[in-house]
Number of protein chains: 2
Amino acid sequence: MSDLLERLRGRGWRMTAQRRVVAEVLNGDHVHLTADEVLARATARLPEISRATVYNTLGELVSLGEVVEVTAHGRAKRYDPNAHRPHQHLVCSECGTIRDVHPGGDPLTDLPDSERFGYTVSEVEVTYRGHCPDCAGL
Amino acid sequence: MSDLLERLRGRGWRMTAQRRVVAEVLNGDHVHLTADEVLARATARLPEISRATVYNTLGELVSLGEVVEVTAHGRAKRYDPNAHRPHQHLVCSECGTIRDVHPGGDPLTDLPDSERFGYTVSEVEVTYRGHCPDCAGL
DNA sequence: TCCTACGATGGACCTAGTCCAAGTCAATAC
DNA sequence: GTATTGACTTGGACTAGGTCCATCGTAGGA
Ligand SMILES: [Mn+2]
Ligand SMILES: [Mn+2]
Ligand SMILES: [Zn+2]
Ligand SMILES: [Zn+2]
């Protein structure tokens, strides 16, 4: 969405061509790209963009809460712009394909106080793993 | 436990000094070591053991289901010998300390069929993140 | 005791990601 | 419009975590 760019400008983000293309590449709702995939797509629009800038920009978007990092069992992290609707992920352990899933209820509240050991718990990441229809005929 | 070694021998595992020390190092219930930590402790007992062997052995223990891998947001994987009692993890995002937690119920059944998209879902990993008591005074 | 297939070794290699000194430019001020 | 400047970008070196492989060693069966 271009209102992502609006929001960022409103937060005092200095708008550069590089940041714009990274934000554009992440446009959409079922996007789970690796940093290298973001780089490839950004390079198609702005050939001189560098890897370091892609990593910097992704890191900033994450700390602004506009993008969430999805960690994937030994593979490269994926960057998910769908940060405003909480959801979880279903990953094919064969080919790595990711689907968004929305189980009911907040998994954070499933953790009773007696199991928190004085921690301030602020986040929970749930990853379901299995085989996608394509990989099922293993 | 030494009955881990028993079980492994029963499965036809060829018993070597290296495999024995790796299994011994992983002895215990609240153990979440990285491969490098396993290597360091194994080296203390058997100085000539190699990094490759530690990785090989950990990989085998994982595929035998005797150890589970815990992935940790950009840090090194951790190896958890507590594979027979299902549990989840609470991680301090500051210092990386891990606690075992046992929320009630099977999180796998929380995912309705309508949210499975034809996948054969076999596994779920839940990671709670927050600050441990020591790191709370940030 | 001998044999051999399975396991161990160490060093090269790889991928994902971080860091840095130097150059560039967006935004503000005039 | 021009000057200024600190924030942003760059490419390449660097690191951590992990894999691969040719060769050597040995556990366990005959
Ligand atoms: Mn998602
Ligand atoms: Mn554990
Ligand atoms: Zn698949
Ligand atoms: Zn901590």
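What's counted below: heavy atoms across the whole structure, side chains too, no hydrogens, waters or symmetry copies. Predicted model only: the values in this text are computed from it and were never measured. The chains referred to below are lettered A, B, ... by the order of the sequence lines, with proteins before strands, and numbering in each begins at 1.
Summary for the helix from C:dT1-D:dA30 to C:dC30-D:dG1: the axes at its two ends, each from 5 pairs, differ by 30° when rounded to the nearest 10 degrees.
Within 6.0 Å of CZ in B:Arg116 there are more than 12 heavy atoms belonging to other residues, nucleotides or ligands.
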Output one line per pair: protein atom, nucleotide atom from nucleotides 25-28 of chain D, and distance, for all N/O pairs under 3.5 Å.
| unit_1 | atom_1 | unit_2 | atom_2 | d |
| --- | --- | --- | --- | --- |
| D:dT26 | O2 | B:Arg14 | NH2 | 2.8 |
| D:dA27 | O4' | B:Arg14 | NE | 3.3 |
| D:dA27 | O3' | B:Met15 | O | 3.4 |
| D:dA27 | N3 | B:Arg14 | NH2 | 3.4 |
| D:dG28 | OP1 | B:Met15 | N | 3.0 |

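Put simply, CZ on A:Arg20 and OG1 on A:Thr57 are 12.0 Å apart, with the number rounded to the nearest 0.5 Å. Interatomic distance, CD of B:Glu60 versus OH of B:Tyr55, reported as 15.0 Å (0.5 Å rounding). In this structure, the separation between CG on B:Asp134 and OH on A:Tyr119 is 8.5 Å, given to the nearest 0.5 Å. How far CG of A:Leu39 is from CG of A:Leu33: 11.5 Å, rounded to the nearest 0.5 Å. Here CG of B:Leu90 is found 9.5 Å from CG of B:Asp100. Values are rounded to the nearest 0.5 Å.
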**OP:** Step by step, work out the salt bridge (charged side-chain N to carboxylate O under 4.0 Å, His left out) result for B:Arg19 and B:Glu24.
**Re:** CA-CA 9 Å; B:Arg19 288 177 166 190; B:Glu24 283 170 5; over 6 Å; no
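Checked by atom type, the side-chain pair B:Asn82/B:His32 shows no donor-acceptor distance below 3.5 Å. A:Arg129 and A:His73 are linked by a side-chain donor-acceptor pair at a separation below 3.5 angstrom, with hydrogens and angles left out of the test. Using modelled atom types and a 3.5 Å distance limit, the side chains of B:Glu125 and B:His89 yield no donor-acceptor pair.
Nearer to the 5' terminus of DNA chain D, by closest-nucleotide assignment, is the contact made by A:Thr57 (compared with the other of A:Thr57 and B:Tyr79). Map B:Ala76 and A:Glu60 each onto its nearest nucleotide of DNA chain D; the residue landing nearer the 5' end is A:Glu60.
Between B:Tyr55 and D:dG18, a side-chain N or O to OP1/OP2 separation shorter than 4.0 Å is present.
No salt bridge links A:Glu69 with A:Arg78; every basic N to acidic carboxylate O contact stays at or beyond 4.0 Å.
Atom CZ in B:Arg51 sits about 7 Å away from atom C1' in D:dG18, given to the nearest Å. To the nearest angstrom, C1' of D:dG17 lies 13 Å from NZ of A:Lys77.
Of all nucleotides in DNA chain C having an atom under 4.0 Å from a heavy atom of chain B, the first and last in 5' to 3' order are C:dA5 to C:dG10.
With D:dG17, D:dC20, D:dG11 as the candidates, the nucleotide lying closest to the side chain of A:Ser50 is D:dG11.
Using a 4.0 Å heavy-atom criterion, one finds that B:Arg75 contacts no nucleic acid atom at all.
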